[in-house]
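In what follows, chains carry the letters A, B, and so on, assigned in the order in which the sequence lines appear, proteins first and then strands, with residues in each chain numbered from 1.
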Protein chains: 2
Amino acid sequence: MSVYTVKQMAKLSGVSVRALHHYDAIGLLKPRAVGANGYRYYDRQDLLRLQQILFHRALETPLKDIQAALDQPGFDLAAALRAQRERLVAEAERYARLVDVVDRTLADLEGDVTMDDKKLFEGFDPEKQAGYEAELVERYGEPMAERIAQSKAGMKAWDKTDWASFQQEAAAIEHDMAKALAQGLPVDSGPVTAIMRRHWAWIAKSWNREPTPDAFAGLAHLYQDNPEFTARYEAIAPGLTEYLAEAMRAFAEKR
Amino acid sequence: MSVYTVKQMAKLSGVSVRALHHYDAIGLLKPRAVGANGYRYYDRQDLLRLQQILFHRALETPLKDIQAALDQPGFDLAAALRAQRERLVAEAERYARLVDVVDRTLADLEGDVTMDDKKLFEGFDPEKQAGYEAELVERYGEPMAERIAQSKAGMKAWDKTDWASFQQEAAAIEHDMAKALAQGLPVDSGPVTAIMRRHWAWIAKSWNREPTPDAFAGLAHLYQDNPEFTARYEAIAPGLTEYLAEAMRAFAEKR
DNA sequence: CTTGACCCTCACGCCACGTCAGACCTGATG
DNA sequence: CATCAGGTCTGACGTGGCGTGAGGGTCAAG
């Protein structure tokens with residue numbers, strides 16, 4: 001009565017026959033018996049195990065780990081679930097952030113603002129974002145962490161117009177720096193200093209607070225060390241990353 | 001000046017050299033030039049294109065689609081992004097639901113309630129969940145949609161104790177039904193009718209409203225047609241799905 | 001005995017690369 | 001000029017969780 005063929009198991013559980021073959025092959029779920037004809041026969045215990053498998057699979061646990069969880073008697077399921085929970089929370093947040101990115105990009109598109117000014121402030125690749133922050137905090141201590149939090153809080157309240165003007169100013173600064181570089185102006189010359197004043201103000205706006213000279217110079221390093229920034233600047237003009245960084249350091253020293 | 005080797009491109013953009021090879025191989029990003037030695041040489045335009053690629057890749061767009069988006073001149077980027085946005089929202093919600101599932105499971109585990117009573121009300125596999133709802137709505141019209149919404153709203157307010165007792169009652173009902181089946185009691189016999197009264201009440205609790213007899217009978221079909229339910233009942237006892245469904249229909253007819 | 005619905009075992013395909021292996025190229029140094 | 005480090009290349013296989021045939025055996029009903 002309670003013996004099922006592959007097809008029946010598939011219908012009862014919602015997985016494919018191929019998946020059952022696969023689970024058999026990797027030893028995750030072996031049928032209770034195999035006939036002389038090679039047919040797989042499952043029973044209710046197998047069905048129960050399959051249900052457990054599906055539970056873990058829905059949480060995106062690798063099949064290997066599921067096997068380990070189900071086969072080891074003293075396995076700490078609660079601990080594993082708590083670990084999974086963290087992962088899932090992180091994923092949920094990641095996707096929420098990506099939605100934000102798309103929203104801002106769409107706002108850009110519909111507002112007809114130039115399309116290329118979105119890379120810097122998008123917040124995708126949160127690991128790297130976290131990396132920047134960790135770097136800044138390590139270099140400048142706890143107060144920096146607070147500043148970052150302030151910055152985030154402040155920027156959250158911005159509307160689309162704020163973002164658009166913010167990005168336009170960034171583009172303008174970059175454009176002017178590229179021109180200065182092309183003209184061979186020294187980084188401590190008057191015009192470049194003027195641009196740096198605008199950059200300083202722009203940073204102050206994004207941080208919701210005046211940067212210290214040290215932090216400003218540290219940002220220059222950050223620009224040089226991280227691909228997100230170098231790619232952006234190098235794409236505008238070759239050598240712009242270093243030129244900008246030098247200009248920032250020169251400006252910071254005068255403060 | 002603005003000519004980059006693979007490694008330089010990799011450093012500037014943060015992708016691996018292997019990925020650049022791959023993008024070349026599939027035609028997504030071909031270097032501006034290839035030397036007589038076979039070396040790939042990129043320029044700033046390539047870097048810009050790579051940045052666009054990375055933007056889309058971060059949104060998990062398949063590389064083929066990215067290529068289509070970048071190569072077709074009249075491509076509707078906004079429409080594509082809106083579609084992606086929907087996907088991302090759905091994913092964010094899915095993960096949030098999974099976190100809920102894990103939380104409830106953990107509550108179960110820590111409350112020492114039996115572990116197997118979690119499958120029915122978990123809300124993972126949202127597509128199928130949506131399928132159930134669509135099925136019910138189609139069968140019973142718009143009022144059912146409203147009822148589902150009510151049910152969800154009501155259950156959201158439940159705490160862990162509510163969930164635990166809710167699940168215990170379900171388990172008790174199933175257990176009693178399995179016993180009745182084993183004893184061969186007819187589905188319209190007194191004891192079975194008594195169990196059905198409890199099942200009815202249980203449904204009423206979850207729906208936040210009394211079911212109509214038609215809806216109750218419809219639920220019986222749902223149990224028989226969907227693997228999530230059949231697997232659950234068949235795992236408890238073979239034939240329980242049909243027995244339960246018959247009992248529900250018999251009960252519904254008497255109302 | 002035939003039909004049609006099952007069942008089996010290979011075995012390749014997918015996607016976006018990671019990871020060797022083996023060989024060639026280039027620029028700086030002894 | 002030889003050497004050496006550190007690039008660069010082209011295969012080619014591995015990853016995970018199966019999907020999707022191909023080619024052939026099995027089983028129950030008519």
Assign A:Leu63 to base, sugar-phosphate, or nothing according to its heavy-atom contacts below 4.0 angstrom with the strands shown. sugar-phosphate
What is the ring orientation for A:Tyr223 with A:Tyr233, classed by angle as parallel under 30°, tilted 30 to 60°, or perpendicular over 60°? tilted
When you get a sec, tell me which of C:dC17, D:dC18, D:dG7 is the closest nucleotide to the side chain of B:Lys7? D:dG7
Does A:Glu91 form a salt bridge (charged side-chain N to carboxylate O under 4.0 Å, His left out) with B:Arg94? I'd like the steps, not just the answer. CA-CA 10 Å; A:Glu91 285 295 280; B:Arg94 192 168 74 85; over 6 Å; no
Whole angstrom is fine here: how far is it from CD in B:Gln67 over to P in C:dC17? 13 Å
For the pair made of NE2 in A:His22 and C1' in C:dA11, what is the distance, rounded to whole Å? 15 Å
Let me spell it out: for each of A:Pro62 and B:Gln8, pick the nucleotide of DNA chain D with the closest heavy atom. Which residue's pick is nearer the 5' end? B:Gln8
Given C:dC8, D:dC9, C:dC17, which nucleotide is nearest the side-chain atoms of B:His21? D:dC9
A:Leu20 CG to D:dT20 C1', in whole Å, measures 16 Å
Would you indicate, yes or no, if D:dG19 has its OP1 or OP2 atom less than 4.0 angstrom from a side-chain nitrogen or oxygen of A:Ser16? yes
Indicate whether OP1 or OP2 belonging to D:dT8 is found under 4.0 Å from a side-chain N or O atom of B:Thr5. yes
If you go through the side-chain atoms of B:Arg40, does one of them form a donor-acceptor pair with the base of D:dT8 closer than 3.5 Å? no
Parallel, tilted or perpendicular: which describes the rings of B:Tyr39 and B:Tyr41, with under 30° parallel and over 60° perpendicular? tilted
Here the distance between atom C1' of D:dC18 and atom CG of A:Leu50, to the nearest Å, is 15 Å
Flag yes if more than 12 heavy atoms outside B:Glu60 fall under 6.0 Å of its CD atom; otherwise flag no. yes
Rounded off to whole Å, could you give me the CG-to-P distance for the B:Asp24 and C:dA16 pair? 16 Å
Rounded to whole Å, please give me the gap between CG in B:Asn37 and C1' in C:dG27. 14 Å
DNA chain C nearest-nucleotide lookup for A:Gly38 and B:Tyr41: closer to the 5′ end is A:Gly38
With no hydrogens and no angle check, just 3.5 Å: does a side-chain donor-acceptor pair link B:Gln84 and B:Arg87? yes
Side-chain donor-acceptor pair under 3.5 Å between A:Glu234 and A:Thr241, yes or no? yes
Within the pair A:Arg18 and D:dG21, is there a side-chain N or O less than 4.0 Å away from OP1 or OP2? no
Among D:dC18, C:dC17, D:dC9, the one nearest any side-chain atom of B:Tyr23 is C:dC17
Please give, in whole Å, the distance from D:dC18 C1' to A:Leu54 CG? 14 Å
Tell me what A:Val17 touches on the nucleic acid: a base, only sugar-phosphate, or nothing, going by heavy atoms under 4.0 Å. nothing
Among D:dC18, C:dC15, D:dG16, which nucleotide has an atom closest to any side-chain atom of B:Lys64? C:dC15
Between P on C:dA16 and CD on B:Glu60, what's the gap in Å once rounded to a whole number? 11 Å
Taking the minimum atom-to-atom distance to the side chain of B:Tyr39, which one of C:dC17, C:dC25, D:dT20 wins? C:dC25
